[in-house]
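Just so it is clear, the structure is predicted and the values come from calculations on it, not from any experiment.
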Amino acid sequence: MARALHLITISVTVALSAYLGPLLLSHFLSKDVIRHHLTSLDLSFLPTPLLSLLQPTPSTNQTCPKHTYTTHLISLDPLLIYIPNFVSQAESRSLIDLSTPLLEPSPIVSRGADSAGSQARTSWSAPLPSDSHLVNCILSRSASFLGTLLSPGRDEMGPAQVVRYTESQKFDLHTDWFSRPRITDEDRETGRRRLYNRVATFFVILQSNITEGSGETWFPKVRPITPHTADEGRVWREHEDGGVAFKPVPGNAIFWVNLLPNGTGDARTVHAGLPVKGGVKTGMNIWPRVFFGPDA
Ligand SMILES: *[C@@H]1O[C@H](CO)[C@@H](O)[C@H](O)[C@H]1NC(C)=O
Ligand SMILES: *[C@@H]1O[C@H](CO)[C@@H](O)[C@H](O)[C@H]1NC(C)=O
Ligand SMILES: *[C@@H]1O[C@H](CO)[C@@H](O)[C@H](O)[C@H]1NC(C)=O
């Protein structure tokens with residue numbers, strides 16, 4: 001009898017430690033560490049509560065990767081910030097894959113209307129799908145960078161756009177803000193009267209294999225805070241006709257603010273995509289929108 005009781009005690013102890021041991025352990029090790037060690041094992045012997053702890057939950061699927069970018073102030077007024085590593089190589093590849101089948105000759109905004117095939121802009125472009133998890137991660141990364149520049153509930157990130165330049169393609173000097181604020185297509189349909197303008201721009205290089213020294217993004221009216229002497233491997237240079245020119249470096253972004261505090265466009269943000277010589281340059285534009293006027 002005593003022997004039988006003793007056996008039961010041992011069995012219960014073994015069973016309990018098999019169950020509670022890993023549970024306790026899981027409080028000390030991160031789920032990721034446990035997953036890393038256990039993913040190759042057959043886990044079916046584990047109790048259900050522990051299994052559910054180890055398996056990726058649907059919400060894990062929908063979280064965005066942490067950003068790894070850094071920031072470099074180039075100019076305070078207008079505000080221009082250079083952002084290395086704004087997107088990863090894998091993100092760039094996926095964004096290119098998403099947009100490549102959708103590329104069409106780029107439209108250009110002139111006097112408030114879009115017209116295709118202008119000589120001022122020779123490139124290909126495509127809006128990125130707004131139902132893509134990756135696109136939404138990049139947009140929320142950008143929204144978080146903007147901090148208080150956008151007003152929650154009033155302003156929007158707008159759609160992201162991919163743009164591709166091939167041999168001899170370019171975009172002559174232009175500004176990204178509209179001289180006359182616009183109404184979105186959806187608002188036009190529903191009769192909502194609010195107006196918007198592009199308060200800032202993220203221009204992100206996704207891919208480039210163009211000839212060195214070509215296809216830079218040039219801001220003739222932006223002066224670096226302190227001038228630099230020529231420096232091997234630098235991503236920007238002072239342009240011979242004034243201002244600053246950025247070479248296309250995959251993953252890196254240029255960010256600048258388009259509107260003055262009173263909402264008018266800042267003429268000093270004028271910039272050009274200089275002609276591409278040999279190869280292909282693919283970038284992504286993000287134009288956050290501030291809304292104002294009636295119904296905003
Ligand atoms: C979860 O991620 C996978 C791979 O990234 C994707 O194919 C799948 O559609 C995602 N699931 C949901 C519910 O979004
Ligand atoms: C906005 O501010 C700029 C710079 O201070 C000024 O030149 C411009 O006239 C202002 N525009 C309006 C509509 O107030
Ligand atoms: C440059 O990249 C494009 C796009 O990935 C590719 O189609 C092309 O073959 C590349 N050209 C060279 C010279 O590597």
Side-chain angles (χ1 to χ4, degrees), residues 78-80 95 99 102-132 135-136 138-165 170-204 217 219 221-222 253-273 283-296:
L79 183 63
L80 191 151
L95 290 166
S99 60
L102 307 170
L103 289 170
E104 290 183 353
S106 294
I108 185 166
V109 176
S110 61
R111 289 181 292 279
D114 286 351
S115 62
S118 164
Q119 280 311 299
R121 185 179 193 184
T122 52
S123 59
W124 299 82
S125 61
L128 279 164
S130 59
D131 58 357
S132 148
V135 171
N136 284 309
I138 307 292
L139 288 176
S140 60
R141 184 177 304 166
S142 311
S144 143
F145 183 91
L146 293 172
T148 60
L149 196 64
L150 298 193
S151 170
R154 184 195 68 189
D155 301 329
E156 295 169 11
M157 285 307 294
Q161 184 208 51
V162 163
V163 60
R164 173 168 296 169
Y165 296 84
K170 58 166 169 86
F171 196 172
D172 288 343
L173 285 171
H174 67 283
T175 57
D176 288 356
W177 45 268
F178 308 124
S179 48
R180 271 184 238 149
R182 316 189 89 204
I183 295 184
T184 67
D185 291 344
E186 305 85 76
D187 285 352
R188 199 181 306 283
E189 275 165 31
T190 61
R192 193 171 174 181
R193 293 166 302 161
R194 62 181 182 162
L195 299 167
Y196 79 94
N197 212 335
R198 293 167 172 170
V199 64
T201 299
F202 294 85
F203 181 55
V204 191
T217 306
F219 295 80
K221 297 199 159 90
V222 172
I254 312 168
F255 168 84
W256 66 95
V257 173
N258 287 313
L259 302 181
L260 295 165
N262 65 10
T264 36
D266 189 337
R268 298 169 301 173
T269 62
V270 67
H271 58 282
M284 173 176 58
N285 284 303
I286 298 170
W287 290 303
R289 299 167 165 183
V290 287
F291 286 85
F292 49 90
D295 303 340

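Qualifying side-chain contact (heavy atoms from CB on, under 4.5 Å) partners for Ala253, counting only residues two or more places apart in sequence or in other chains: Ile83, Phe86, Val204. Applying the side-chain contact (heavy atoms from CB on, under 4.5 Å) test to Thr190 and every residue at least two apart in sequence or in another chain returns Asp187, Arg192. Ser125 meets the side-chain hydrogen bond (donor to acceptor under 3.5 Å, both in side chains) test with Ser106; sequence neighbours excluded. With sequence neighbours excluded, the residues that form a side-chain contact (heavy atoms from CB on, under 4.5 Å) with Leu79 are Leu73, Ile81, Phe255, Val257.
Between atom CG of residue Asn197 and atom CZ of residue Arg182 there is a gap of 9.5 Å, rounded to the nearest 0.5 Å. The CG atom of Asn285 lies 5.0 Å from the CD atom of Gln161; values are rounded to the nearest 0.5 Å. Expressed to the nearest 0.5 Å, how far CZ of Arg164 lies from OG of Ser99 amounts to 6.5 Å. The OG1 atom of Thr184 sits 9.0 Å away from the CD atom of Glu189 when rounded to the nearest 0.5 Å. The structure places CZ of Phe291 at 10.5 Å from CD1 of Ile183, a figure rounded to the nearest 0.5 Å.
Annotation: side chain of Pro288 is not in contact with side chain of Leu149 (no heavy-atom distance under 4.5 Å).
Minimum interatomic distance between Ala160 and Leu139 (heavy atoms only, all atoms of both residues): CB-CD2, 4.2 Å. Between Asp295 and Arg193 the shortest heavy-atom distance is OD2-N, 2.7 Å. Across all non-hydrogen atoms, the minimal contact from Arg198 to Leu259 is O-CG, 3.8 Å. Across Tyr165 and Thr122, no two heavy atoms sit closer than the pair CD2-O, 4.0 Å. Considering every non-hydrogen atom in both Leu150 and Arg289, the closest pair reads CD2-O, 4.1 Å. Closest non-hydrogen pair, Ser142 versus Met157, comes out as CB-CE, 3.5 Å.
Pairs of residues two or more places apart, or lying in two chains, that qualify as side-chain hydrogen bond (donor to acceptor under 3.5 Å, both in side chains) and include a residue from residues 147-158 are Glu156-Arg194. Applying the side-chain hydrogen bond (donor to acceptor under 3.5 Å, both in side chains) definition to pairs two or more places apart or across chains, those involving residues 254-271 are Asp77-Arg268, His174-His271, Asp176-His271, Trp177-Thr269, Thr201-Asn258, Trp256-Asn258, Asn262-Thr264, Asp266-Arg268.
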- Query: side-chain contact (heavy atoms from CB on, under 4.5 Å) between Leu128 and Ile138: does it pass, once the steps are laid out?
  - Reply: CA-CA 11 Å; Leu128 279 164; Ile138 307 292; over 6 Å; no

- Task: Any chance you could lay out the side-chain contact (heavy atoms from CB on, under 4.5 Å) test for Ile286 and Arg141, step after step, and finish with the verdict?
- Result: CA-CA 11 Å; Ile286 298 170; Arg141 184 177 304 166; over 6 Å; no

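The only member of Phe178, Trp287, Phe292 that meets ring pair (Phe, Tyr, Trp, His ring centres under 6.0 Å) when paired with Tyr196 is Phe178.
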